[in-house]
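Indexing begins at 1, ligand by ligand and atom by atom, following the structure's order. Atom set for the values below is all heavy atoms of this structure, side chains included, hydrogens, waters and symmetry mates excluded.
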Amino acid sequence: MIASFKSLVYQRCGLHLEGLAESRLFRAVASLQVSTEITDTTQLLERLTNDPALFDHFVSQLTVNETYFNREPEALQWLVSHYLPERLAAGRAPLAIFSAGCSSGEEPYSLAMMLFEHFGERAKGLFTLTGGDVDQQVLAKARQAVYGGMAFRALSPTFRARYFSPHKACFKLHDSLRDWVNFRPFNLLNVHENKSGGPFDVILFRNVSIYFDEQTRRHIHQQLLKLLAPNGIILCGVTETLGNDLGVLELTEARGVFYFRRAVDSTPSSIDSPLPPLRSTNSNAENHAEEAAWLDDGADDSTPHSTELGLDNSDDEASAAMPEVAPQDISQQLHSAHQLLNQNAFAETDTLLQTLLEQQPWSIDALVLAGLVARWQQQPQAAYGHFKRAIYAAPECWPAHFYLAELYRQGELTDEPLQRQRSYAAVVRLLTTAPTSRGGLDTIDLPLPPGDARFLAERHLNALNIPLATSCTTQGVG
Ligand SMILES: C[S@@+](CC[C@H](N)C(=O)[O-])C[C@H]1O[C@@H](n2cnc3c(N)ncnc32)[C@H](O)[C@@H]1O
């Protein structure tokens, strides 16, 4: 019988209530039986199906609303400092921004604060901010804008002091920002442009898609496209990029931030750089949620542009025409490349890796080797691009985190102590959890022993002497 409740929720909201989520469903049904005094499950299901308010209440017990201010700030910083100013310069205002699955509002309010910091009072004329969620209870909380301590765990105390006032034991967002964000009921499975307030230039679809199966995600992409302005973009959470690279939307990268846009877009912006599909590798990437947290190392002006990252911009037809290489050949070529690298034959290694990456753009082994070669050839920005891509495809890739930190520590890239700290901390964390981890490398020998990497990372972290809490927020998924 529980299957019927499951299927009703799946049909209407797309929520996939398997595994741990199933126990939430059992609890919600039991609580419904008490509140309605209907013990017969057939009758209960019928009532639930026909009573929208009761269904809303039921759904609010099933959704995962985990969120907090300044979650995964790298993408938000990129929006505020680069993407949105460029769109404004192209002459369109106001730009419409939508947080799809906004929960209790921390995401759109975080953006509101950042936009206000960057553009001042005129931000309100330049941008409209909307939050939508299927859960009416969280929307009510969002409209109140009163938050307890946990919501602030990644927000700097300065921002809290600047934009919030004490309110009983909590903090209330100032009305000037609160009133800027418009919240409305919204179901990802069935969007109505008019009711949702679209079309939108930016849709934040972060830490939501993890709860849907692939078929539902595909359907949601189609729905989101209905809301997307012609040149608009969709940003997913750091752990969700792979799971959303389903062919409906085109994966794109700029300044180390990955986002999606319409697959057929005749007017690409100058900052866009389409990427080959991620699907071919590492399909279990969604399981790396915790490790992916460490991707959050903040884009900045020292971050190279996508065009400088040495990304493969060849068109899909060209790669489709390329003959398939058998897996054993790829593995042999990777071994050869590693050997050549150890012999300091950089040019030969580079040529071999370029061919390999044309075949397997998201091969972690090839990306790490390519990063190392670039580093030895004094091309730190190219190295940065390769390591960053390795981390995107395999957040547990501690060698990539390690060498990324080294690029900063050795002054090969303009030093960013906080980014350096995050990367070393990722190494320590990953190797504490799994001391013998191969960090997503399938084929080549580890470029340095995990024990040494952890020891060195710990030493460099101690030398940095930055309190972890101020800089290194552990980003998890909701
Ligand atoms: C984990 S929260 C993410 C909040 C925020 N985007 C963030 O990144 O912190 C996921 C939200 O998605 C909402 N959600 C789940 N299914 C939905 C659906 N079918 N339509 C709209 N929102 C949905 C949930 O109610 C929940 O508030």
request  = Check for a donor-acceptor pair, side chain of Arg206 on one end and backbone N or O of Arg71 on the other, with a separation under 3.5 Å.
outcome  = yes
note = The atoms of ligand 1 lying under 4.0 Å from a heavy atom of Asn187, numbered in the order shown, are 18 (C), 19 (N), 20 (N)
inquiry  = Any donor-acceptor pair under 3.5 Å linking the side-chain atoms of Ser110 with those of Asn70?
reply    = no
task = Determine whether the aromatic ring centres of Trp362 and Tyr392 lie less than 6.0 Å apart.
result = no
key: Best match, Asn207, Val134, Val191: closest heavy atom to atom 23 (C) of ligand 1   = Val134
query = Under 6.0 Å between the ring centres of Tyr147 and Phe69?
reply = yes
key: Numbering as shown, the atoms of ligand 1 that approach Asp135 to under 4.0 Å (heavy-atom distance)   = 25 (O)
ask   = Under 3.5 Å between some N or O of ligand 1 and some N or O of Asn65?
value = yes
query = Taking both backbone and side-chain atoms of Tyr68, is any N or O found less than 3.5 Å from an N or O belonging to ligand 1?
reply = no
query = With a 3.5 Å cut-off and no angle check, do the side chains of Ser81 and His118 form a donor-acceptor pair?
reply = no
query = Does some non-hydrogen atom of Cys13 fall short of 4.0 Å from ligand 1?
reply = yes
message = At under 4.0 Å between heavy atoms, is it the side chain or the backbone of Phe212 that contacts ligand 1, or both, or neither?
response = side chain
request  = Classify the side-chain pair Tyr163/Glu117 by whether it contains a donor and acceptor separated by less than 3.5 Å.
outcome  = yes
ask   = Going by the order shown, which atoms of ligand 1 are within less than 4.0 Å of some heavy atom of Ser103?
value = 4 (C), 27 (O)
query = To which of Val59, Val64, Leu15 does the heavy atom nearest atom 1 (C) of ligand 1 belong?
reply = Val64
inquiry  = Which residue in the set Phe159, Phe152, Phe171 passes ring pair (Phe, Tyr, Trp, His ring centres under 6.0 Å) when paired with Phe164?
reply    = Phe152
ask   = Under 4.0 Å from any heavy atom of Thr63, which atoms of ligand 1 are there?
value = 24 (C), 25 (O)
message = Checking contacts here: is it the side chain or the backbone of Glu66 that comes within 4.0 Å of ligand 1, counting heavy atoms only? Could be both or neither.
response = backbone
N or O pair under 3.5 Å between Val208 and ligand 1 = no
note = Between His460 and the options Phe402, Tyr424, Tyr408, the ring pair (Phe, Tyr, Trp, His ring centres under 6.0 Å) test singles out Tyr424
